[in-house]
Amino acid sequence: GAFLCGVLLGALAGRFPVVETLLFPYMITIRSVPVASFVVVALIWLSSAELSAFVSFLIVLPLIYNGVLTGVRGADPKMLEMAAVFRVPLWRRVRCIWLPALRPHLGSAAGGAIGLAWKSGVAAELIGIPRGSVGEYLYESKVYLDTATLFAVTVVIVLASTLCEKGLAFLFRRAGKEKTA
């Protein structure tokens with residue numbers, strides 16, 4: 001959800017400066033407010049089970065948005081002008097000009113976003129304590145001073161985050177190879 005929303009908003013902001021101006025205060029606020037504050041405020045409206053996804057969404061959104069915005073701004077203006085002069089169809093402009101400009105920025109943003117999504121999601125679970133969650137295990141290990149469980153759960157979180165990040169990097173590399181082949 002946050003990935004698609006960030007891509008859409010970043011692309012719009014990159015093409016239309018007024019959109020960037022309108023979104024600026026929201027993006028800077030989302031980036032600046034501590035995760036714990038989001039969690040506490042969100043608990044007023046959401047159940048503890050929905051909390052982790054919502055907080056992860058808020059943390060990931062500005063990263064993806066900024067990556068796409070940077071990529072859109074990095075597209076070669078001469079290529080875009082040439083495409084406009086020769087009336088190149090939009091889908092071809094996207095495939096041949098915009099995607100190559102976006103790929104490195106979006107890949108980097110997405111890789112960082114995965115780690116932060118895991119961190120913020122687990123932090124939200126630790127505060128909201130939904131039943132059967134990783135956050136509940138961490139909370140209980142703190143309450144009962146169970147360092148073995150604390151380390152085991154931490155290792156599982158790190159492994160899961162790393163696997164997700166490596167999987168995403170693989171998909172980006174594969175998508176890059178298919179576009180050039």
Side-chain angles (χ1 to χ4, degrees), residues 1-35 38 42 50-124 134 155-181:
F3 185 84
L4 293 177
C5 191
V7 167
L8 177 66
L9 292 176
L12 287 172
R15 293 292 294 142
F16 306 106
V18 69
V19 174
E20 181 184 6
T21 302
L22 290 171
L23 291 175
F24 179 77
Y26 298 105
M27 292 300 167
I28 199 77
T29 301
I30 293 170
R31 278 197 327 246
S32 303
V33 173
V35 173
F38 278 130
E50 300 166 322
L51 188 62
S52 179
F54 176 73
V55 170
S56 293
F57 178 93
L58 285 179
I59 299 304
V60 168
L61 178 65
L63 290 171
I64 302 300
Y65 168 83
N66 284 330
V68 172
L69 181 60
T70 303
V72 167
R73 286 183 178 159
D76 186 353
K78 290 179 182 179
M79 292 291 286
L80 292 170
E81 184 179 344
M82 182 183 67
V85 167
F86 289 104
R87 293 187 177 101
V88 174
L90 178 61
W91 66 269
R92 227 164 163 195
R93 289 182 205 190
V94 168
R95 196 185 87 204
C96 298
I97 301 172
W98 295 109
L99 286 180
L102 282 174
R103 192 174 292 118
H105 301 287
L106 188 56
S108 176
I114 285 178
L116 286 175
W118 276 94
K119 282 181 175 183
S120 61
V122 170
V134 173
V155 167
V156 168
I157 293 167
V158 169
L159 288 173
S161 176
T162 302
L163 285 172
C164 287
E165 192 171 336
K166 296 293 181 189
L168 184 71
F170 171 77
L171 291 174
F172 267 92
R173 279 193 312 274
R174 189 165 184 183
K177 287 178 184 174
E178 287 177 7
K179 296 295 180 200
T180 58

- Item | Atom of A117, atom of S56 and distance for their closest heavy-atom approach |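 Shortest heavy-atom separation between A117 and S56 comes out as O-OG, 3.0 Å.
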- Could you tell me which non-hydrogen atom of C164 sits nearest to which non-hydrogen atom of W118, and how far apart they are?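 Of all heavy-atom pairs spanning C164 and W118, the closest is SG-NE1, 3.8 Å.
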- Message: Quick check: do C5 and F57 have side-chain heavy atoms less than 4.5 Å from each other?
- Response: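 Counting from C-beta outward, C5 and F57 do come under 4.5 Å.
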Can you tell me how far apart [atom1] ([X]) and [atom2] ([Y]) are? Round to the nearest 0.5 Å.
X	Y	atom1	atom2	value
R174	L171	CZ	CG	8.0 Å
R173	R103	CZ	CZ	13.0 Å
S161	K119	OG	NZ	8.5 Å

Donor-acceptor pairs are to be reported for all side-chain atoms of residues 15-29 against protein atoms at under 3.5 Å, with residues two or more places apart or in another chain.
residue	atom	partner	partner atom	Å
E20	OE1	R73	NH2	2.4
E20	OE2	R73	NH2	2.3
T21	OG1	P17	O	3.1
T29	OG1	P25	O	2.6

Going by the salt bridge (charged side-chain N to carboxylate O under 4.0 Å, His left out) test, which pairs reach into [range], not counting sequence neighbours?
range	value
residues 75-90	none
residues 21-33	none
residues 54-64	none

Kindly list each side-chain donor-acceptor pair under 3.5 angstrom involving residues 62-72, sequence neighbours excluded, with atom names and distances?
residue	atom	partner	partner atom	Å
N66	ND2	P62	O	3.2
T70	OG1	N66	O	2.8

Could you list the residues that satisfy side-chain contact (heavy atoms from CB on, under 4.5 Å) with [X], not counting sequence neighbours?
X	answer
L168	A110, I114, F172
L80	A75, I97, W98
P89	W91, R92
T162	V158, K166

